[in-house]
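Note that the coordinates shown come from a computational prediction; the quantities given were computed from them, not determined experimentally. In what follows, chains carry the letters A, B, and so on, assigned in the order in which the sequence lines appear, proteins first and then strands, with residues in each chain numbered from 1.
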Amino acid sequence: MEMDYKKVVASLISEKTEFDIDKIEGMLEVPSNTEMGDYALPCFKLASIYKKSPVMIAKELAEKIQPNDEISSVTPVNGYLNFMVNKVSFATTILDEISEKGDLFGDDSVGEGKTVIIESSSPNIAKPFHIGHLCSTVIGQSLSRLYQSVGYKTVKVNHLGDWGTQFGKLISAYKHWGDDEAIEKEPIKELLRIYVKFHEEAEKDPELDEEARRYFKNLEGGSPEETKLWQWFKDLSLKEFALLYNRLGVSFDSYHGESFYSDKMPEVVDLLEERSLLKESEHAYIVDLDEYNMPPCMIVKSDGASIYATRDIAAAIYRKKEYDFYKNIYVVGIPQALHFQQFFKVLELMGNEWSKDCVHVGFAHVRFPDKKLSTRTGNVIYLEDVLDESVNRIKEYMQNTKLEEDMIDPTAEKIGIGAVIFAFLKRSREKEMVFTWEDTLNVEVESGPYIHYTYARGVNILRKAEGLADHPDYSLLTEKVETAMINKMSTLNDVIKEAVNRNEPMVIARYVIELSKLFNSFYNSCKVINEEQPLKTARVALIQACCTVIKKCLYLLGIETVDAM
RNA sequence: GUGCCCAUGGCUCAACUGGAUAGAGCACUCGGCUACGGACCGAGGGAUUGGGGGUUCAAGUCCUCUUGGGCACGCCA
């Protein structure tokens, strides 16, 4: 049977006051110090209502409320009313629930029937997939799983950067210096090389820029020759990206990038004109956002070509029609914050009341201690190299592994990739990150490998445990650390909801670190396999639950578990 | 010049809509498997949350001033 202890506490209070259960439930907190209790009602806000001191209110309520089967004690402390739940009944409820629901434990249905669009990754065609794209990719993947976990349908969109004057430049560069053989061999590296060369040469010869603009105009006009080249570049790039997505365990529901909207732009321009929002300025067309304290939003460039804001507007309108989204999320770096504010505002001015459902989930850009990185100069850190380095380092740690020879590589791959993903998701996404190998590839406590290791230890015991009783007696789980584990696991649903509300996978990462630490502490102080029955059965059940929750958390972060390492 | 963001032990980071003694990891000092994997665990020292003022029963969190850093500001995305 399922039991919501927060509700039980709320109803106890509600019976003795004039507040309804929901109101009380919203006021309840979980004390930071678990010694204090499992739930607490801060009475400070009630002070002005009752015209009494919080201390008095807590004291009087404590006298009125009788403990019952679920709640073992009610104590007033410094204006807080603390509730202690009945540990045995609580443990039984939670562990049975995890055992019944398995992977679905912690899920919710608040999002049922609603669709959330998550735009992420969005690499540029013919440009390297670097660390910055990784942030967007892994955050997007995690958010998608988080939203699904609370009932939403999600649509993962990879808004490819496959349109724009850069392709004119690339075509120009190809015509001057392109080498088909080299491009087929290492597409992105070679395309980047000639793209960089183009920029160098264009410094000396401005005519090249003119030429590039012409090529893009032709491309936009549908000229067969340019289109063929563009398609070729795109196919080659996507093939390379697919390898990375495969390694990361990431997939998308749509690859509609900027080019997909190229024919939907005139409609956007018409709509803007209808509303008299367009204004000519310096031979270009803009939407003036002066009265909203923002710089103008450019819609059509002076050469008549489209620009990204226009494509984003077209994309948003298309998505609303196609999916009728509840939320339209953009996982894009913070430097583009202004762009999103501008184009959301333009959507609103166009009369789309749903513009409020568009959300920019920003992340701080990744900095590097020494090197200046730039695509234009070809100075970048490739994601592939980071992944390889991580996997190799993990392999070194696996010297004493008991795994079969043929399992070593796939296992190191999972742990190594997981280490990188975890390093990016364990910190607050809005805070600037300085990329260092040491931090990203860390295998110590607050790391992906630590969580993997914890899980593998648990699974190992489960594998070895035999001769168990039919029904665990949870009343035997009396160690402090055992209670702490159960308490921690019981909060999973709240943690997931918080992560969703904040669009912040870090919340899950911190949670699973804490749970893993508790498990390791338990592992060190409580024996299991050689323990007498029925305590053994109870502890095995506890480990089973813990492994289920850890696996779930790693899944929500986009990381695959391994059973042994 | 205008706007947005950040500042928490030596280092890297937590702290849910303001709530109880500001928590972790790394590093440092001590200690722990005749039990299941030591990529582990336990203990300890170390912070007047950049600085000043204010609001509040209560401020790392809100307001204001100030210092230092980052980012963005029409024809790249």
Touch class at under 4.0 angstrom, heavy-atom based, for [X] against every strand present:
X      : value
A:D209 : nothing
A:P31  : base
A:Q336 : base
A:G164 : sugar-phosphate
A:P42  : nothing
A:A564 : base
A:E282 : base
A:V528 : base
A:S281 : base
A:C297 : nothing
A:M36  : base
A:A305 : nothing
A:I286 : base
A:K426 : nothing

Which nucleotide wins on minimum distance to the side chain of [X], given the candidates [options]?
X      : options             : result
A:K527 : B:A14, B:C36, B:A20 : B:C36
A:N520 : B:C36, B:C40, B:C13 : B:C40
A:V445 : B:C73, B:G25, B:G37 : B:G25
A:N460 : B:A20, B:C41, B:G37 : B:G37
A:N82  : B:G74, B:A20, B:A77 : B:A20
A:F44  : B:C57, B:G70, B:C41 : B:C57
A:E444 : B:C26, B:C6, B:C75  : B:C26
A:R457 : B:A24, B:C41, B:G37 : B:G37
A:K301 : B:C75, B:C40, B:C36 : B:C75
A:D439 : B:G74, B:U12, B:G37 : B:U12

N or O in side chain of [X] less than 4.0 angstrom from [N] OP1/OP2:
X      : N     : answer
A:R502 : B:A15 : yes
A:K45  : B:G18 : no
A:R510 : B:A15 : no

Roughly how far apart, to the nearest Å, are [N] and [M] at atom [atom1]?
N     : M     : atom1 : answer
B:G42 : B:A47 : C1'   : 24 Å
B:A59 : B:C63 : C1'   : 11 Å
B:U49 : B:U34 : C1'   : 49 Å
B:A24 : B:G45 : P     : 12 Å
B:C62 : B:G18 : P     : 9 Å
B:U61 : B:A7  : P     : 11 Å

With distance as the sole criterion, do the side chain of A:S302 and the base of B:C75 form a donor-acceptor contact below 3.5 Å? yes
Do A:Y453 and B:A39 have a side chain to base donor-acceptor pair shorter than 3.5 Å? no
Before you tell me yes or no, could you show the steps for A:I513 and A:F422 under side-chain contact (heavy atoms from CB on, under 4.5 Å), namely the whole-Å CA-CA distance, both residues' side-chain angles and the distance that decides it to 0.1 Å? CA-CA 11 Å; A:I513 287 172; A:F422 198 86; 3.7 Å; yes
Hey, which of these two, A:Y523 or A:E258, hits RNA chain B nearer its 5' end, going by closest nucleotide? A:Y523
Let me spell it out: for each of A:Y397 and A:S32, pick the nucleotide of RNA chain B with the closest heavy atom. Which residue's pick is nearer the 5' end?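 Result of the comparison: A:S32.
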Counter-base of [N], judged by Watson-Crick or G-U geometry with both distances under 3.5 Å:
N     : value
B:C33 : none
B:G25 : B:C11
B:C73 : B:G1
B:U56 : none

Using a 6.0 Å cut-off, check whether atom NZ of A:K59 has over 12 heavy atoms from anything other than its own residue.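 Atom NZ in A:K59 is not crowded, with 12 or fewer foreign heavy atoms closer than 6.0 Å.
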Between A:F340 and A:Y330 (judged by ring centroids, cut-off 6.0 Å), do the two rings come close enough to count as a pair? yes
Check A:E389 with A:R393, please: is the shortest side-chain N to carboxylate O separation under 4.0 Å? yes
Strictly below 4.0 Å, N to O, side chains only: are A:E35 and A:K480 in salt-bridge contact?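 Looking at A:E35 and A:K480, the cut-off is met.
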Sort out for me which residue in A:Y308, A:F260, A:W230 forms a ring pair (Phe, Tyr, Trp, His ring centres under 6.0 Å) with A:W163.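 Answer after filtering A:Y308, A:F260, A:W230: A:W230.
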Taking every non-hydrogen atom, the tightest pair across A:V332 and A:E119: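 Scanning both residues completely, I find the closest heavy atoms to be CG2-OE2, 4.2 Å.
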Which atom pair, heavy atoms only, marks the closest approach of A:L143 to A:E504?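 Closest approach of A:L143 to A:E504: CD2-N, 4.1 Å.
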Is the glycosidic angle of B:G68 within 90° of 0, making it syn, or outside that range, making it anti?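 Anti, angle beyond 90° from zero.
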